[in-house]
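Heads up, the thing below is written out as structure tokens.
Atoms within each ligand, like the ligands themselves, are counted from 1 in listed order.
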Amino acid sequence: MAEYYLGFDLSTQQLKGIAVKADLKLAYEAKVDFDADLSKYGIKKGVLTNPAEGEIFAPVAMWLDAIDLVLQRLKEQGLEFSKVKGISGAGMQHGTVFWSKDGETLLEGLDAGKTLLEQLEGKKSAFSHPYSPNWQDASTQEQCDAFDGRLGSQERLAEVTGSKAHHRFSGPQIMRFRQKHPESYAATARISLVSSFLASIFLGKVAPIDIGDVCGMNLWDIKKGGWHEDLIALAAGDKGVAELKAKLGQVPEDGGASFGSISPYFVRRYNFSPSTSIVPFTGDNPSTILALPLRASDAIVSLGTSTTFLMSTPQYKPDPAYHFMNHPATAGLYMFMLCYKNGGLAREHIRDALNSQSSDSNSKTWDNFNQTATSTPVLGQTSSSSPMRLGLFFPRPEIVPNVKEGTWRYLYDAKSDSLTAVPPQEARTKTEDSSWPIPEADARAILESQFLSLRLRSQNLVHKQGKLPPQPRRIYLVGGGAANPAIAQLAGEVLGGAEGVFKLDIGGNACALGSAYKAAWTGLARKGEDFEAFVEERWNEEGFVKKIADGYREGVWEKYGEALKGFEEVENRALEEKGEGRGKPKEMGSAITRDRDPTVKHD
Ligand SMILES: Nc1ncnc2c1ncn2[C@@H]1O[C@H](COP(=O)(O)OP(=O)(O)O)[C@@H](O)[C@H]1O
Ligand SMILES: O=C(CO)[C@@H](O)[C@H](O)COP(=O)(O)O
């Protein structure tokens with residue numbers, strides 16, 4: 001009898017669910033698109049905003065609706081839930097859900113004849129606050145300054161927790177929630193991350209936070225393997241340490257140990273077997289690295305709403321310029337991550353500007369954007385001596401670097417190492433128009449800019465590839481943007497990749513797939529078999545991945561290397577003009593000038 005393992009991904013714009021068989025082959029997949037399916041919540045691109053305070057958040061009720069809907073869709077496709085042996089999942093990182101004092105009782109007593117929404121957001125609410133702060137939120141600069149200051153420096157905070165303070169990280173967010181909504185904070189019995197919220201629904205009680213995802217909070221001491229007392233005191237107020245620890249709960253060390261069996265609600269309502277195991281749900285990025293048997297110097301670029309760059313490494317080399325987190329399945333491994341807020345939506349802005357000039361001005365297709373990006377020469381140079389076009393395109397405040405929203409366009413002369421600002425469109429003359437036609441030149445420039453930033457910050461973590469200079473061995477593209485051939489081409493041109501640029505050829509969602517693999521590993525692995533060995537054994541290279549673009553191109557990769565210095569300077573100018581937070585002048589430099597020896601271990 002076939003048996004299935006389910007993986008979910010609750011991300012910014014969708015909830016996706018997929019089922020794999022024991023050989024890890026994809027069997028079923030379904031999704032709920034929040035804007036298309038649940039527009040009644042008034043969301044746009046999955047979220048609500050309060051621009052006056054830089055707040056971005058999502059209604060928890062919408063996610064409850066989405067869970068019922070995605071299960072219905074999986075059922076309609078023919079998935080027999082009684083054959084599901086294990087469930088895991090992932091949630092967008094950093095977001096918190098605040099459970100009320102009634103939350104756990106309501107979860108435990110769910111009536112299979114009613115929907116989740118009716119019962120958890122009904123007469124009594126399971127939540128002390130109806131919204132979950134979203135990772136795009138930028139309202140916590142004051143709290144971030146306090147977090148960076150508490151341990152003395154951004155470097156020290158990064159050393160202890162894996163990251164300097166970030167607006168979206170749960171610690172600063174919880175601190176602000178306590179300050180802004182003291183009554184709701186007092187009425188909060190438990191706090192979940194988005195991942196552990198989703199696990200809680202399936203488990204029928206509040207599930208623990210996962211060992212990988214907990215590193216996205218600025219509250220967890222990675223080396224100690226426990227909550228950091230001083231940072232908890234900062235978020236909670238000095239007298240509230242024990243209270244906040246109780247709200248957050250214990251974090252199990254083993255990311256693969258089952259939490260127990262599925263809630264009776266899903267047994268009765270959807271006919272799951274009562275023995276279906278609920279396996280720790282982790283963050284969407286940690287889960288994504290589980291979808292591939294990553295080797296040294298392999299990199300994943302996730303092109304969702306955010307752009308993230310992910311590597312799996314045994315080295316813990318924290319720095320304020322990026323993030324380190326515990327690997328979600330294997331103790332002793334870490335996930336290296338860069339995360340950009342201006343990913344998919346920033347590219348869409350330029351796509352829409354180009355399409356608005358065409359006959360079908362409302363078109364949402366990428367053809368125009370792709371054709372324009374690939375027909376523009378490398379860095380916009382018409383000859384090897386003409387200046388390079390370097391830009392930053394941030395319609396929303398950015399994380400890397402920490403600057404407010406804005407657009408910067410510069411012409412860079414690599415020989416004299418000088419930058420000339422391109423004036424805004426309304427103040428431009430005809431000559432300048434040809435040096436940077438807007439929006440045409442933006443199509444290539446935004447892709448180059450996004451990949452140059454990744455290259456700049458990851459160059460210390462990649463190794464020589466045979467005779468080729470240090471660069472990724474393979475680049476794997478995942479997320480919505482991975483479907484785009486122009487993006488794949490530019491990823492290879494800028495970042496290299498000795499073997500090329502690849503994408504998963506199994507379904508549309510690496511993150512949910514990674515979760516389903518974890519559920520399968522927990523259910524099927526031999527005693528002591530680690531996650532990597534389990535996946536490697538079942539890996540079918542031809543069936544699972546597909547090469548979609550060349551990587552390293554001699555001459556082109558080196559040309560982008562010449563642009564890095566100018567690009568770093570463009571970021572510095574943006575930081576000077578619109579940077580946020582303490583330490584803004586250091587933010588960039590540290591990424592390139594610090595130790596260049598990738599073998600150095602910090603203990
Ligand atoms: N063909 C395409 N080319 C470029 N970007 C695309 C394409 N298809 C989808 N996208 C982008 O993918 C994004 C959604 O990606 P997805 O990984 O599903 O998002 P999330 O996980 O953040 O909800 C959209 O914002 C869109 O910009
Ligand atoms: O904030 C981060 C990671 O630190 C984001 O990557 C979120 O985890 C959201 O991811 P997507 O919705 O873009 O997949």
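- For Gln93 and Asp213, the side-chain atoms include at least one donor-acceptor pair closer than 3.5 Å.
- Checked against a 3.5 angstrom limit, the closest N/O atoms of Gly480 and ligand 1 fall inside it.
- At a heavy-atom cutoff of 4.0 Å, ligand 2 is contacted by no atom of Gln13, backbone or side chain.
- Residue contacts with ligand 1, taken as heavy atom pairs separated by less than 4.0 Å, do not involve Arg351 at all.
- Taken to the nearest 0.5 Å, the NZ atom of Lys503 stands 12.5 Å off from the CD1 atom of Ile487.
- Residue Thr308 places no N or O, backbone or side chain, under 3.5 Å from any N or O of ligand 2.
- Here is the list of ligand 2 atoms found below 4.0 Å of a heavy atom in Thr305: 13 (O).
- For Asp137 and Arg176, the salt-bridge test fails: no basic side-chain N is under 4.0 Å from an acidic carboxylate O.
- Within the 4.0 Å heavy-atom cutoff, His323 does not count among the residues contacting ligand 2.
- For the residue pair Glu440 / Thr376, no side-chain donor-acceptor distance below 3.5 Å is found, with atom types taken as modelled.
- In terms of protein heavy-atom proximity, atom 5 (C) of ligand 2 is nearest to Ser306 OG, 3.5 Å.
- Side chain to side chain, Thr308 and Asn285 meet the donor-acceptor criterion of an N or O pair below 3.5 Å.
- When Ala90, Cys339, Gly304 are checked for heavy-atom proximity to atom 2 (C) of ligand 2, Cys339 turns out nearest.
- Ion pairing between a basic and an acidic side chain is recognised when a charged N comes within 4.0 Å of a carboxylate O; Asp298 and Arg474 show no such pairing.
- Within the structure, the closest approach of Glu348 to ligand 1 falls below 4.0 Å when heavy atoms are considered.
- Looking at atom 1 (N) of ligand 1, its nearest protein heavy atom turns out to be Trp366 CD1, 3.6 Å.
- Here the protein heavy atom with the shortest distance to atom 14 (O) of ligand 2 is Asp284 OD2, 3.2 Å.
- Rounded to the nearest 0.5 angstrom, Thr313 OG1 and Tyr334 OH are separated by 9.5 Å.
- A distance of 13.5 Å separates CD1 of Ile209 from CZ of Phe197, quoted to the nearest 0.5 Å.
- Residue Gln13 touches ligand 1 through backbone and side chain together, judged by heavy-atom distances below 4.0 Å.
- Near Met337, the atoms of ligand 2 lying under 4.0 angstrom from a non-hydrogen atom of the residue are 3 (C), 4 (O).
- With rounding to the nearest 0.5 Å, the separation of OG1 in Thr96 from CD1 in Ile191 is 7.0 Å.
- Numbered from 1 in the order shown, with element, the atoms of ligand 1 that lie under 4.0 Å from a heavy atom of Thr305 read 19 (O), 20 (P), 22 (O), 23 (O).
- In this structure, the side chains of Trp135 and Val194 stay at 4.5 Å or more apart for every pair of heavy atoms.
- For ligand 1 and Gly344, the ligand atoms under 4.0 Å from any heavy atom of the residue are 27 (O).
- Interface atoms of ligand 1 facing Gly479, defined by a heavy-atom separation under 4.0 Å, are 17 (O).
- Regarding atom 3 (C) of ligand 2, its nearest protein heavy-atom neighbour is Asn285 ND2, 3.2 Å.
- If you check which protein heavy atom lies closest to atom 1 (O) of ligand 2, you get Arg168 NE, 2.9 Å.
- The shortest N or O to N or O distance between Ser11 and ligand 2 is not below 3.5 Å.
- Nearest protein neighbour of atom 12 (O) of ligand 2, counting heavy atoms only, is Thr12 OG1, 2.4 Å.
- Close approach of ligand 2 to Gln93 is summarised as follows: ligand atoms under 4.0 Å from at least one heavy atom of the residue are 3 (C), 7 (C), 8 (O).
- Looking at atom 3 (N) of ligand 1, its nearest protein heavy atom turns out to be Asn484 ND2, 3.0 Å.
- If you run salt bridge (Lys or Arg N to Asp or Glu O under 4.0 Å) between Asp442 and each of Arg389, Arg351, Arg409, only Arg409 comes through.
- Rounding to the nearest 0.5 Å gives a distance of 8.0 Å between CG of Asp284 and CE of Met92.
- One finds no salt bridge joining Glu405 and Lys578 here, because no Lys/Arg side-chain nitrogen approaches an Asp/Glu carboxylate oxygen to under 4.0 Å.
- For a threshold of 3.5 Å applied to N or O pairs, the pair formed by Gln14 and ligand 1 contains at least one separation below that value.
- In terms of protein heavy atoms, atom 21 (O) of ligand 1 is closest to Ser11 OG, 3.0 Å.
- Summary of contacts: the protein heavy atom closest to atom 4 (O) of ligand 2 is His94 NE2, 2.5 Å.
- Taking CD1 of Ile289 as the reference point, atom CZ of Phe336 lies at 12.5 Å (rounded to 0.5 Å).
- If you check which protein heavy atom lies closest to atom 9 (C) of ligand 2, you get Trp135 NE1, 3.2 Å.
- For the side chain to side chain contact (heavy atoms under 4.5 Å, CB included) test, residues two or more places apart in sequence or in another chain that qualify with Asp68 are Thr115, Leu116, Tyr265, Arg269, Tyr270.
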